[in-house]
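What follows is a short report on a single structure.
Model, not experiment: these values are computed from the prediction.
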Amino acid sequence: MTFSDWFERALPYEEFLKRHATEGDRRAWSEVYDSVRLTDAQRDLVAAFPRRMLVLCLAGAWCGDCVAQCPILARIAAANPRIDLRFLDRDAHPDLASALRICGGSRVPVVVFLSEDGQECARLSDRTLSRYRWLAARQLGSQYPGGPPPSDEGLTAAVTQDWLNEFERVQLMLRTSARLRQMHGD
């Protein structure tokens, strides 16, 4: 089965939560969604994306990393109707979870970006760079050699920017693709 086939089986954000989340899970996702704010510049950037993007997210409604990040994806997708974001539950689709294993494990969320005709463009999994910096600084302390981690208060904004960077990178890939430019005559 191709990622395009999986995408067709996947659910929109609210439907995914209705089907797979407990009331407590839905409340947690809603709190994060309500707290995520795109700046005017971020919203304008996403709104200007001309290419249709299919975004498939393998997630778990129970997963803390999903709670912290999937509502960000939904906020980004809401800024442009050409971004079609859909979700599949990891536990309900073990064959897909196996195909998307990261570092030897079935991690979530895993996001697969597809072109409008279902070609894989990119994958991003479980945590963005800012979230890993934040986590490493806490777990490794003085052994952490990386750049400065975001503050607790700035973590959601930093992770939002990380995701926006990836959406923009894929959009630029789609926009400059010779194949897609020929298909669209631009």
Side-chain angles (χ1 to χ4, degrees), residues 7 10-49 52-92 100 102 106-113 122-141 144 146-172:
F7 184 83
L11 303 171
Y13 183 79
E14 290 296 334
E15 194 173 329
F16 170 79
L17 291 174
K18 275 185 198 172
R19 184 168 302 168
H20 296 286
T22 66
E23 180 151 340
D25 296 333
R26 282 190 292 278
R27 191 172 32 258
W29 284 55
S30 180
E31 287 172 9
V32 174
Y33 185 85
D34 291 345
S35 75
V36 174
R37 300 281 181 262
L38 300 182
T39 67
D40 290 343
Q42 290 170 330
R43 198 172 15 267
D44 290 348
L45 173 70
V46 174
F49 292 170
R52 185 164 181 249
M53 300 173 72
L54 309 180
V55 183
L56 176 63
C57 182
L58 184 67
W62 46 265
C63 166
D65 285 321
C66 295
V67 170
Q69 296 180 88
C70 294
I72 294 170
L73 302 176
R75 275 286 185 203
I76 294 168
N80 188 322
R82 288 177 290 282
I83 299 173
D84 192 348
L85 173 64
R86 298 192 193 171
F87 293 84
L88 286 171
D89 181 76
R90 182 195 74 181
D91 296 338
L100 292 175
I102 304 294
S106 293
R107 296 173 182 247
V108 285
V110 178
V111 177
V112 180
F113 291 87
R123 290 184 204 186
L124 192 61
S125 70
D126 77 333
R127 297 176 182 119
T128 68
L129 179 58
S130 293
R131 189 149 180 91
Y132 264 117
R133 282 181 174 155
W134 179 85
L135 183 64
R138 275 145 192 77
Q139 289 183 2
L140 303 175
Y144 171 62
S151 66
D152 291 354
E153 300 79 28
L155 182 59
T156 299
V159 171
T160 299
Q161 186 61 57
D162 288 345
W163 280 110
L164 281 163
N165 291 344
E166 191 64 14
F167 273 81
E168 180 183 11
R169 187 183 77 79
V170 172
Q171 182 61 210
L172 291 171

If you take all heavy atoms of [X] and [Y], which pair is closest and at what distance?
| X | Y | answer |
| --- | --- | --- |
| Phe16 | Trp29 | CE2-CH2, 3.8 Å |
| Val110 | Ile102 | CG2-CG1, 4.3 Å |
| Ala59 | Phe87 | CB-CD2, 4.2 Å |
| Asp126 | Gln69 | O-NE2, 2.7 Å |
| Cys57 | Leu73 | SG-CD1, 4.1 Å |
| His20 | Ala61 | O-CB, 3.7 Å |

| task | Test Val159 against Ile72 for side-chain contact (heavy atoms from CB on, under 4.5 Å), laying out the working first. | result | CA-CA 8 Å; Val159 171; Ile72 294 170; 3.7 Å; yes

| field | Criterion salt bridge (charged side-chain N to carboxylate O under 4.0 Å, His left out) on Glu14 and Lys18, from CA distance to verdict | value | CA-CA 6 Å; Glu14 290 296 334; Lys18 275 185 198 172; over 6 Å; no

Tell me if a side-chain donor or acceptor on [X] pairs with a main-chain N or O of [Y] at a distance below 3.5 Å.
| X | Y | result |
| --- | --- | --- |
| Arg26 | Ala21 | yes |
| Ser35 | Val32 | yes |
| Asp25 | Thr22 | yes |
| Asp162 | Thr128 | no |
| Arg123 | Val111 | no |
| Arg86 | Leu11 | no |

| request: Check the pair Val170, Phe49 against side-chain contact (heavy atoms from CB on, under 4.5 Å), reporting the backbone distance first and the verdict last. | output: CA-CA 10 Å; Val170 172; Phe49 292 170; over 6 Å; no

Heavy-atom side-chain proximity of [X] to [Y] below 4.5 angstrom:
| X | Y | result |
| --- | --- | --- |
| Gln171 | Met53 | yes |
| Ser106 | Arg90 | yes |
| Glu168 | Leu172 | yes |

From [atom1] ([X]) to [atom2] ([Y]), nearest 0.5 Å:
| X | Y | atom1 | atom2 | answer |
| --- | --- | --- | --- | --- |
| Arg27 | Leu17 | CZ | CG | 13.0 Å |
| Gln42 | Asn165 | CD | CG | 9.0 Å |
| Leu88 | Leu100 | CG | CG | 9.5 Å |
| Ser151 | Trp134 | OG | CH2 | 10.5 Å |
| Leu140 | Leu135 | CG | CG | 8.0 Å |
| Leu54 | Ile83 | CG | CD1 | 11.0 Å |

| Quiz item: cation-pi between Arg75 and Tyr33, 6.0 Å / 45° |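 Flagged: Arg75 positioned over aromatic ring of Tyr33.
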
| field | Cation-pi check, Arg127 onto Tyr132 ring (under 6.0 Å, within 45° of axis) | value |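 Yes, a cation-pi geometry.
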
| request: In plain terms, say whether Arg131 and Asp65 are close enough for a salt bridge, that is, a side-chain N and a carboxylate O under 4.0 Å apart. | output: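 Yes, this pair counts.
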
| side-chain contact (heavy atoms from CB on, under 4.5 Å) assessment of Thr156 paired with Val36 | CA-CA 7 Å; Thr156 299; Val36 174; 4.0 Å; yes

| query | In terms of the angle between their ring planes, are Trp163 and Phe113 parallel, tilted or perpendicular, with boundaries placed at 30° and 60°? | reply |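 Tilted.
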
| task | Would you indicate whether Arg19, at its atom CZ, is surrounded by more than 12 heavy atoms from other residues, nucleotides or ligands within a distance under 6.0 Å? | result |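 For Arg19, atom CZ is not crowded (no more than 12 foreign heavy atoms under 6.0 Å).
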
| said: I'd like to know whether Phe167 forms a side-chain contact (heavy atoms from CB on, under 4.5 Å) with Val55, so could you lay out the CA-CA distance, the side-chain angles of the two residues, the decisive distance to 0.1 Å, and finally the verdict. | reply: CA-CA 9 Å; Phe167 273 81; Val55 183; 3.9 Å; yes

